[in-house]
K.L.:
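Got a structure here, written out as structure tokens. Questions coming.
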Amino acid sequence: MLDAISLFSFIIQFGYNAATLMFIGMLAICATGVRRTLGISASGVLSIMVLCFYATRLLLANAKLGGTMVAAVNSDTFPWIWRTYNVQAYAVIVGCLSALIGALNQQRLAMLAAALILSAGFGLAGHTQGLESPGVMPWLVGFHVLVAGFWFAAPVALWPATAIDDKELVGRLEAFSRIAQFAIPALFAAGLVLAWRLVGGWEGLTGSAYGRLLLGKLAAASIALALGAFNKFSVTKRIKFEQEAGRRALRFTLSAEFALFLFAVGSIAYATTIAGPKA
């Protein structure tokens, strides 16, 4: 049975992962021209969510160190937490500020920089840092997160809202597909390398709770990949000739993809808060 600290840690980690991936994805999608702009209001809301979730993560890490929820605000132990997470915390802060600057001035370069910084932050603390020889693994985490965010935000960026005409919608779908056809296979390759390195091989993947969580995430991503392929080769063409039917099909596949993404995010949140490479 989970204790209160572990349960709250899972909830907050899930929220942080989902909000940050959405932020990274929307920044990357706008920076690459798939979608034209990311408004300052959306950027501000996502920045606040990411920063609040991250600050709460630090407090919960302090609570874990002290063994009680009350210890979350213990100023005597917090310096130990800060020493572990300060570089990552600075990356989160700088990434959010860069995103706000990019959104305010509609500067694609600033948006791309923000996405890169926020993605890199995931590798600056976590299980890859606990490896005996991390090497390039933390940077591989950053790349994996960047592409995962780009994919995670797709259901929002590509949603067939009535305000978007068919020509613009098809343009977004085709622009996203041009990038995704190269980026998504690289995402899978990076994920497999990371999983293999963290659990120490096939036996660790199948014989540990942590490994099985990673395999579950991989299975969810594989189904989402199949839905994405269906969108590319069938739904996009259908929208050109049967607009309403094509839009209905797109809404269904994007909704299913997003549900699968949330499952994958939940799996990683559980793996990083409750399970672990040795579990």
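What's counted below: heavy atoms across the whole structure, side chains too, no hydrogens, waters or symmetry copies.
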K.L.:
Rounded to the nearest 0.5 Å, what's the gap from CG on L250 to CG on L227? Could you check?
P.N.:
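One gets 11.0 Å once the value is rounded to the nearest 0.5 Å.
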K.L.:
Around atom CG of L104, are there more than 12 heavy atoms of other residues, nucleotides or ligands at under 6.0 Å?
P.N.:
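Yes, the 6.0 Å shell around CG holds more than 12 heavy atoms from other groups.
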K.L.:
Determine, step by step, whether L192 and L218 satisfy the side-chain contact (heavy atoms from CB on, under 4.5 Å) criterion, reporting the C-alpha distance in whole Å, the side-chain angles of both residues, the deciding distance to 0.1 Å, and the verdict.
P.N.:
CA-CA 9 Å; L192 287 171; L218 178 62; 3.8 Å; yes
K.L.:
So with a 6.0 Å cut-off around OH of Y85, is the heavy-atom count from everything else above 12?
P.N.:
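No - once you tally the heavy atoms of other residues, nucleotides and ligands closer than 6.0 Å, there are 12 at most.
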K.L.:
Taking atom CH2 of W80 as the centre, report whether more than 12 heavy atoms of other residues, nucleotides or ligands fall under 6.0 Å from it.
P.N.:
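Counting other residues, nucleotides and ligands, CH2 of W80 stays at 12 neighbours or fewer.
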K.L.:
What are the two closest non-hydrogen atoms of L118 and C96, and how far apart are they?
P.N.:
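Smallest heavy-atom distance, with atoms named: CD2-N, 4.2 Å.
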K.L.:
Do any N or O atoms from the side chain of R251 and from the backbone of A161 form a donor-acceptor pair under 3.5 angstrom?
P.N.:
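Flag not set: sc R251 to bb A161 has no pair under 3.5 Å.
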K.L.:
Taking the inter-plane angle between the rings of F78 and W82 on a 0 to 90° scale, is it parallel (under 30°), tilted (30 to 60°) or perpendicular (over 60°)?
P.N.:
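F78 and W82: parallel rings.
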K.L.:
Tell me, yes or no, whether the heavy-atom count around F8 atom CZ, taken from other residues, nucleotides or ligands under 6.0 Å, exceeds 12.
P.N.:
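No - once you tally the heavy atoms of other residues, nucleotides and ligands closer than 6.0 Å, there are 12 at most.
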K.L.:
Using atom types as modelled and distance alone, determine if a side-chain donor or acceptor of N86 lies under 3.5 Å from a backbone N or O of R83.
P.N.:
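Checked: pair present.
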K.L.:
Ignoring hydrogens and geometry beyond distance, is a side-chain donor-acceptor pair present between Y270 and Q13 at under 3.5 Å?
P.N.:
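There is no such pair (donor and acceptor under 3.5 Å, judged by atom type) between the side chains of Y270 and Q13.
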K.L.:
What are the two closest non-hydrogen atoms of I164 and W159, and how far apart are they?
P.N.:
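The pair with the smallest heavy-atom distance is CD1-O, 3.7 Å.
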K.L.:
Is the shortest side-chain N to carboxylate O distance from E174 to K240 below 4.0 Å?
P.N.:
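Yes, charged N to carboxylate O under 4.0 Å.
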K.L.:
Do the ring planes of Y16 and Y54 sit parallel (below 30°), tilted (30 to 60°) or perpendicular (above 60°)?
P.N.:
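The rings of Y16 and Y54 sit tilted, inter-plane angle from 30° to 60°.
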K.L.:
Going through the checks in order, is the side-chain contact (heavy atoms from CB on, under 4.5 Å) test met by N231 and L158?
P.N.:
CA-CA 11 Å; N231 283 341; L158 304 178; over 6 Å; no
K.L.:
Is there a side-chain contact (heavy atoms from CB on, under 4.5 Å) between F122 and I24? Walk through the geometry before answering.
P.N.:
CA-CA 12 Å; F122 278 82; I24 290 168; 4.2 Å; yes
K.L.:
Examine distances only and state if a side-chain atom of T20 and a backbone atom of N17 form a donor-acceptor pair shorter than 3.5 Å.
P.N.:
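Not confirmed, T20 side chain does not pair with N17 backbone.
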K.L.:
Any idea which heavy atoms bring S9 and K64 closest together, and the distance?
P.N.:
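For S9 versus K64, the nearest heavy atoms are OG-CE, 3.5 Å.
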K.L.:
What residue among F252, W151, F152 forms ring pair (Phe, Tyr, Trp, His ring centres under 6.0 Å) with F258?
P.N.:
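Testing each of F252, W151, F152 against F258, the sole residue satisfying ring pair (Phe, Tyr, Trp, His ring centres under 6.0 Å) is F152.
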